[in-house]
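Shown next, in structure tokens, is the structure this report addresses.
Values below: every heavy atom of this structure, side chains too, minus hydrogens, waters and symmetry copies. Proteins come first, then strands; the chains are lettered A, B, ... in the order of their sequence lines, and each starts at number 1.
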Number of protein chains: 4
Amino acid sequence: MGGPARHHGNRHGRSEAAREAVLEAADDLLTERGFAGVTVEGIAARAGVAKQTIYRWWPSKVDILLEALGSDLAQHLTPADGGTLAEDLRKHLRALARFLTRSDPGMVLRALAGQAQHDPELAARLRAEQLAPQREREAARLRRAVESGDLPADLDLPSAVDQLVGPVYYRVLVTGEPVPPAFTDALVDGFLRAHGSAANGS
Amino acid sequence: MGGPARHHGNRHGRSEAAREAVLEAADDLLTERGFAGVTVEGIAARAGVAKQTIYRWWPSKVDILLEALGSDLAQHLTPADGGTLAEDLRKHLRALARFLTRSDPGMVLRALAGQAQHDPELAARLRAEQLAPQREREAARLRRAVESGDLPADLDLPSAVDQLVGPVYYRVLVTGEPVPPAFTDALVDGFLRAHGSAANGS
Amino acid sequence: MGGPARHHGNRHGRSEAAREAVLEAADDLLTERGFAGVTVEGIAARAGVAKQTIYRWWPSKVDILLEALGSDLAQHLTPADGGTLAEDLRKHLRALARFLTRSDPGMVLRALAGQAQHDPELAARLRAEQLAPQREREAARLRRAVESGDLPADLDLPSAVDQLVGPVYYRVLVTGEPVPPAFTDALVDGFLRAHGSAANGS
Amino acid sequence: MGGPARHHGNRHGRSEAAREAVLEAADDLLTERGFAGVTVEGIAARAGVAKQTIYRWWPSKVDILLEALGSDLAQHLTPADGGTLAEDLRKHLRALARFLTRSDPGMVLRALAGQAQHDPELAARLRAEQLAPQREREAARLRRAVESGDLPADLDLPSAVDQLVGPVYYRVLVTGEPVPPAFTDALVDGFLRAHGSAANGS
DNA sequence: TGCTAAGCGAGACGGTACGTCGCGTCTTTAC
DNA sequence: GTAAAGACGCGACGTACCGTCTCGCTTAGCA
């Protein structure tokens with residue numbers, strides 16, 4: 001009563017309740033049992049949903065995780081634009097490190113990035129839907145710095161983004177070492193020393 | 001035919017022929033069908049080996065791939081020490097990019113790095129056996145530069161390595177973009193500009 | 001076009017068009033793909049009818065087939081009463097054999113008889129609606145023969161019917177052998193020799 | 001311990017324990033829940049056997065039931081040859097009626113005969129493996145009667161068998177009526193009156 | 001010069017999850 | 001108030017691999 005009303009599937013299309021239960025179940029299973037513990041049968045059982053309902057809407061379990069990721073990156077990882085360039089970049093890399101190493105959606109992203117090494121199609125979707133927009137958000141902050149003269153006009157934005165975030169992803173995905181603020185701050189400092197104006201606050 | 005001759009079991013220990021056939025079959029399956037196509041049954045069938053023989057010597061299929069990787073990293077990715085720091089670093093990053101994106105062992109490494117996101121135990125082994133030694137090889141070249149005065153004495157070597165190779169791994173594992181020499185060269189230039197001596201040849 | 005006109009639901013009661021389409025679709029599917037090919041979904045799709053419409057009017061797919069059978073038995077298998085007893089019985093058993101082995105409704109009856117072995121409720125309905133009336137039609141002809149003195153007064157009619165038609169059903173349902181006129185004629189001859197008057201035409 | 005020794009599958013071939021457990025489980029499920037309750041999953045669960053083990057050795061569940069039937073017909077339904085023809089036939093038809101209506105293997109046979117109406121391949125196998133040999137056993141008794149002069153030399157044996165057993169199967173499979181000794185005895189009497197010698201003892 | 005014991009190819013076993021099919025129920029919109 | 005449409009929870013299907021096991025063969029080293 002009131003609202004879109006609960007239903008069990010009809011000609012309007014899919015059940016929103018089922019959709020949300022699936023996404024949440026997938027997320028829960030990933031955090032509780034890891035990627036290998038995410039099975040379509042397990043999701044169906046935990047979500048109280050029929051397997052066929054899952055297959056009707058998602059081609060595979062990674063598509064579920066992709067959808068579960070949703071707009072988490074945009075929400076958590078849009079660089080601030082309120083302070084000096086150095087301040088904003090330090091804040092962003094700290095947030096990125098925290099997101100990747102500690103948050104639930106960060107765990108989803110890591111699992112998908114891992115699976116993408118085995119699955120080129122997933123890799124393409126992951127990049128198109130999540131990573132490219134995220135890189136554009138990061139590039140945008142640098143672009144403004146270029147416009148304001150804080151960074152040189154001939155800066156190659158994509159490469160600049162890679163120099164900043166690359167080492168963070170590398171530590172998280174490859175070496176597994178912690179990514180403390182000191183590390184990310186030093187990254188920003190080095191970046192600004194290499195390209196930046198002298199005036200790098202701090 | 002010369003050599004230890006093929007045999008079907010004896011009391012002298014394991015069959016070297018079987019071991020090699022397994023490693024090669026695993027490698028072949030990975031390049032031909034991708035990680036999902038690497039199954040113990042498939043390896044056994046292609047190698048002409050019994051499943052039990054595989055389980056006798058390797059706990060899982062990723063252990064096979066780890067062993068197949070062998071010393072490929074040390075062979076292909078030991079930084080040169082024959083030129084200027086800039087020259088050696090540029091050469092190394094180019095080699096790293098080529099190894100990761102084009103070589104067969106690079107494909108194995110990427111698959112293992114992907115699987116490591118789902119399997120902490122594999123992650124630990126991969127780091128201990130392959131990645132840590134590799135990072136040490138890279139740190140060694142920088143250490144010599146510190147000793148020769150080309151880099152500042154207070155340089156944090158692990159962080160420095162991350163700044164150099166991190167963006168390369170990031171492109172390969174995450175964004176999937178190509179890693180041309182221009183990119184790696186610019187990486188070296190930025191690194192030297194941030195930390196380096198004035199003498200960064202070229 | 002003339003007639004009650006096709007409609008998609010109204011308040012005038014059920015759609016005769018839908019009913020007929022369902023019966024015909026079920027019959028077609030049975031003859032084309034066999035009993036396993038008769039599914040509610042398949043009937044609905046072929047009849048251009050919603051599944052719910054089927055479930056509204058028939059409890060299960062066997063009820064559809066039962067209704068499809070309709071009065072086919074009465075039409076095809078009412079024993080004649082125009083000749084001598086021997087003539088009428090021979091004609092009837094020949095017609096029975098032909099109906100069971102060659103006709104479409106005969107195929108439906110065989111499928112239902114088969115399914116009835118797994119489904120006591122169907123068995124009961126099949127007997128009540130189709131088989132008992134059919135046996136009564138056959139008994140009726142014998143009863144007249146008793147009344148006319150062609151058969152002994154103490155004849156047990158049900159058993160007599162079984163002796164005549166039992167071997168025919170047995171061949172059709174169990175042994176699968178052909179049921180030629182010679183077989184049914186011999187059946188009648190034996191029956192009349194066992195119970196009958198001497199005067200058995202031929 | 002002595003005997004063929006328990007094993008879990010090896011190069012000798014299949015596990016006899018698994019085979020027997022499957023046959024028994026199928027039989028139990030049929031008697032307890034009916035044919036629809038006989039599922040491969042259910043058999044596997046009850047037998048403590050993997051589904052794949054079932055599919056490895058039996059193409060379908062009806063093959064399991066066919067094998068479960070085994071030599072039950074030969075054991076229970078071989079006509080006696082110790083008395084007069086009339087005595088032996090009466091005894092046999094009574095046994096047949098009891099077997100079909102009351103015994104477990106009789107239930108299996110009825111289920112298979114029912115399913116055979118939907119499955120021509122099963123029908124062929126059922127006839128070849130069970131029904132034809134059974135008919136031959138019955139024909140054999142009649143053949144001896146012919147040889148001893150109790151039945152006419154020109155008797156068509158298959159037809160004679162059909163006249164005797166056909167009505168019994170018909171009652172069991174089609175009308176569902178009981179098949180009391182009075183019915184089968186009358187059947188024998190009629191048969192002997194139609195074809196037989198005067199000497200129909202009892 | 002056999003005996004013996006380890007490694008081997010072979011493959012059946014109990015399991016888990018896969019992706020598909022059909023069931024019978026439901027909810028909605030159109031007529 | 002019936003009809004078409006179709007999503008839903010459910011159960012079973014038949015398949016692919018998993019990791020374990022038992023077996024008989026092969027082959028060296030020891031008695």
Where does the angle between the aromatic ring planes of H118(D) and H118(C) fall among parallel (under 30°), tilted (30 to 60°) and perpendicular (over 60°)? perpendicular
By salt bridge (charged side-chain N to carboxylate O under 4.0 Å, His left out), E129(C) pairs with (sequence neighbours left out) R125(C)
Might you confirm whether atom CZ of R56(B) has over 12 heavy atoms from other residues, nucleotides or ligands at distances under 6.0 Å? yes
Salt-bridge test for E67(B) and R19(B): reply yes if a basic N is under 4.0 Å from a carboxylate O, no otherwise. yes
Integer-rounded Å distance: dC13(E) C1' and R19(D) CZ: 17 Å
For the pair made of CD in E16(D) and C1' in dA12(E), what is the distance, rounded to whole Å? 14 Å
Looking at Q115(A) and L122(A), would you say the former's side chain and the latter's main chain have a donor-acceptor pair under 3.5 Å? no
Residues within residues 50-67 of chain C bordering DNA chain F, heavy-atom distance below 4.0 Å: A50(C), Q52(C), T53(C), R56(C), W57(C)
Main chain of K51(C), side chain of E41(C): is a donor-acceptor contact present, judged purely on distance under 3.5 Å? no
Using a 4.5 Å cut-off on heavy atoms from C-beta on, say whether the side chain of L126(C) contacts that of L109(C). yes
Note: contacts of residues 29-44 of chain B with DNA chain F (heavy atom, under 4.0 Å) are T39(B), V40(B), E41(B)
Closest non-hydrogen atom pair, L23(A) against W58(A): CD2-CZ2, 4.0 Å
